[in-house]
Amino acid sequence: MDFSLDAKQQELVNLAREIAQKEIAPRALDIDKSGVMDEDLLHILKQSGMTQLAVPKEYGGAGLDLLTGAMISEELAKGCAGVATVCAANSLASFPILIGGTDEQKKEYFDCLNAGGISCFALTEPGAGSDAGAVSCRAKKVDGGYVLNGTKCFITNAPICDKITLFANTRESGGIRGLTVFTVDRNTPGISIGKEEDKMGIRASATSEIIFDDCFVPASARIGREGMGFRIAMQTLETSRPVVGAISVGIAQAALENAIHYAHQRKQFGQKIASFEMVQEMIANMVTKTEAARALVYKACWLQMHGDKQASMFSAMSKCFASDVAMEVTTTAVQVMGGNGYSRENPNEKYMRDAKIM
Ligand SMILES: Cc1cc2nc3c(=O)[nH]c(=O)nc-3n(C[C@H](O)[C@H](O)[C@H](O)COP(=O)(O)OP(=O)(O)OC[C@H]3O[C@@H](n4cnc5c(N)ncnc54)[C@H](O)[C@@H]3O)c2cc1C
């Protein structure tokens, strides 16, 4: 198993680190307070290719493998997990197109992303969360295409999107056999963006409802055959889990670095708190668990890239473990900082809120 990158891949990871340090981290607390990512930062992400991480070489992208994409997500998340989520959601929405799209569909979709387009993955509904097969958004077959009706909720990037990767049901009776994927332009008549969520964390990413009201899409908007949606959704989520794990690792890394820095500044009882063994133990555990999570995430990526039969299991384990580690490490980081850790003047309480969604 080899996690080394070639020069081009390393260059992109370095670029993500630089953007996170220079452009994202300095604005992260303000964005967290307002809940709105500024246009300037979004522009930087688009220009630098951070919103096009899933675009293959043959469609004008960098053609990154999953491991490099995960490493980039980790770097962005060190600056702000919400910003990393905006970029990762573009990849999430791209995977169904990569899995089931025709050459023409891929070209149109990735041209949009290459031009700075933002995309969203619209699966969840008020009545279909964990139970993705319960999707009731209807795609009724009509002459030349489909008419879409229904409401999606909790959709990351929906308020700023240009493209929607939609899961709707072509069967009136519902069920997973009717679940079908569509690629839909945001500006199609009949689409409106609903209530925006006022979230606990990852507040740089905008999350909202999307309402489809007698929205006609041509048959060419359908990705794959009718009924392939559930398989495509599961494959997509499986591919993306290590990326969520990588964002979790980025949050944990940022929190522990902040805690270590603080422990070397803060003095109590006439000494730096870093000299106290119980503080050292907290830091040692944070570092160990973050490294373990990173190793599991990288391994999950590598197994997927090599089509290993254990890839699915490792993908799930990496997300599960890394997100738990992020929660634990960020909570401990708040503890290391004492009262200051609880203050919104410091990023540690934000890291803790951001970690909860992973
Ligand atoms: C910030 C944010 C961004 C999101 N972005 C997107 C997005 O871009 N696209 C998208 O499609 N969705 C998105 N979602 C939705 C997300 O995928 C769902 O919240 C998730 O699938 C869980 O569904 P739910 O919220 O309806 O919870 P529910 O399914 O109602 O679950 C509630 C609780 O019950 C538990 N539970 C459910 N079923 C079982 C079971 N069988 N056994 C044991 N326990 C169970 C769950 O673990 C959970 O603890 C987002 C959500 C949030 C909060």
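Any value given below was found using the heavy atoms of this structure, including those in side chains, with hydrogens, waters and symmetry copies removed. All ligand and atom numbering here is 1-based and tracks the order in the structure.
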> Just going by heavy-atom distances, which of S130, A88, G129 is nearest to atom 29 (O) of ligand 1?
Replying inline: S130

Expected list for residues 237-246: side-chain donor-acceptor pairs under 3.5 angstrom, two or more places apart:
| residue | atom | partner | partner atom | Å |
| --- | --- | --- | --- | --- |
| E238 | OE1 | S312 | OG | 3.4 |
| T239 | OG1 | Q235 | O | 2.8 |
| S240 | OG | T236 | O | 3.3 |
| S240 | OG | L237 | O | 3.1 |

> How about T51 and L113: do any of their side-chain heavy atoms sit closer than 4.5 Å?
Replying inline: no

>> Which of the numbered atoms in ligand 1 are under 4.0 angstrom from any heavy atom belonging to T124?
In response: 10 (C), 11 (O), 12 (N), 13 (C), 14 (N), 15 (C), 16 (C), 17 (O)

>> Assess whether a salt bridge exists between E125 and K152, defined as any Lys/Arg side-chain N lying under 4.0 Å from an Asp/Glu carboxylate O.
In response: yes

>> Could you tell me if R294 and Q253 have a donor-acceptor pair between their side chains, going purely by distance under 3.5 Å?
In response: yes

> Is any heavy atom of the protein nearer than 4.0 Å to atom 35 (C) of ligand 1?
Replying inline: no

> Just to confirm, does any protein heavy atom lie below 4.0 Å from atom 1 (C) of ligand 1?
Replying inline: yes

> For T207 and ligand 1, does the shortest N/O to N/O distance drop below 3.5 Å?
Replying inline: no

>> F121 versus ligand 1: do any nitrogen or oxygen atoms come within less than 3.5 Å of each other?
In response: yes

>> Test of understanding: given a 4.0 Å heavy-atom threshold, classify the contact between L92 and ligand 1 as side chain, backbone, both, or neither.
In response: neither

>> Under 4.0 Å from a heavy atom of L123: which atoms of ligand 1 are those, numbered in the order shown and with their elements?
In response: 11 (O)

> For ligand 1, which atoms sit closer than 4.0 Å to a heavy atom of I357?
Replying inline: 1 (C), 2 (C), 52 (C), 53 (C)

> Are a donor atom and an acceptor atom from the side chains of E257 and Y262 found within less than 3.5 Å of each other?
Replying inline: no

>> With the threshold set strictly below 4.0 angstrom, can you tell me whether any protein non-hydrogen atom sits that near atom 41 (N) of ligand 1?
In response: no

> Are the side chain of N346 and the backbone of N348 linked by a donor-acceptor contact shorter than 3.5 Å?
Replying inline: no

>> To check your reading of the model: name the closest protein heavy atom to atom 8 (O) of ligand 1, its residue, and the distance in Å.
In response: T156 N, 3.0 Å

>> Is the ring pair F110/Y59 parallel, tilted or perpendicular, if the boundaries are 30 and 60 degrees?
In response: tilted

> With a 4.0 Å cut-off, strictly under, does atom 48 (C) of ligand 1 pick up any protein heavy atom?
Replying inline: no

> Any protein heavy atom under 4.0 Å from atom 45 (C) of ligand 1?
Replying inline: no

>> Are F182 and Y146 an aromatic pair, judged by ring center distance below 6.0 Å?
In response: yes

> Does some non-hydrogen atom of the protein lie less than 4.0 angstrom from atom 19 (O) of ligand 1?
Replying inline: no

> For ligand 1, is any non-hydrogen atom under 4.0 Å from K199's backbone (N, CA, C, O), its side chain (CB onward), both, or neither?
Replying inline: side chain

> Between F154 and ligand 1, does any nitrogen or oxygen pair lie at a separation below 3.5 Å?
Replying inline: yes

> Would the F95 and F121 ring centres measure less than 6.0 Å apart?
Replying inline: no

With a 3.5 Å cut-off and sequence neighbours excluded, list the donor-acceptor pairs that the side chains of residues 331-338 form with protein atoms.
| residue | atom | partner | partner atom | Å |
| --- | --- | --- | --- | --- |
| T331 | OG1 | M327 | O | 2.6 |
| T332 | OG1 | E328 | O | 2.8 |

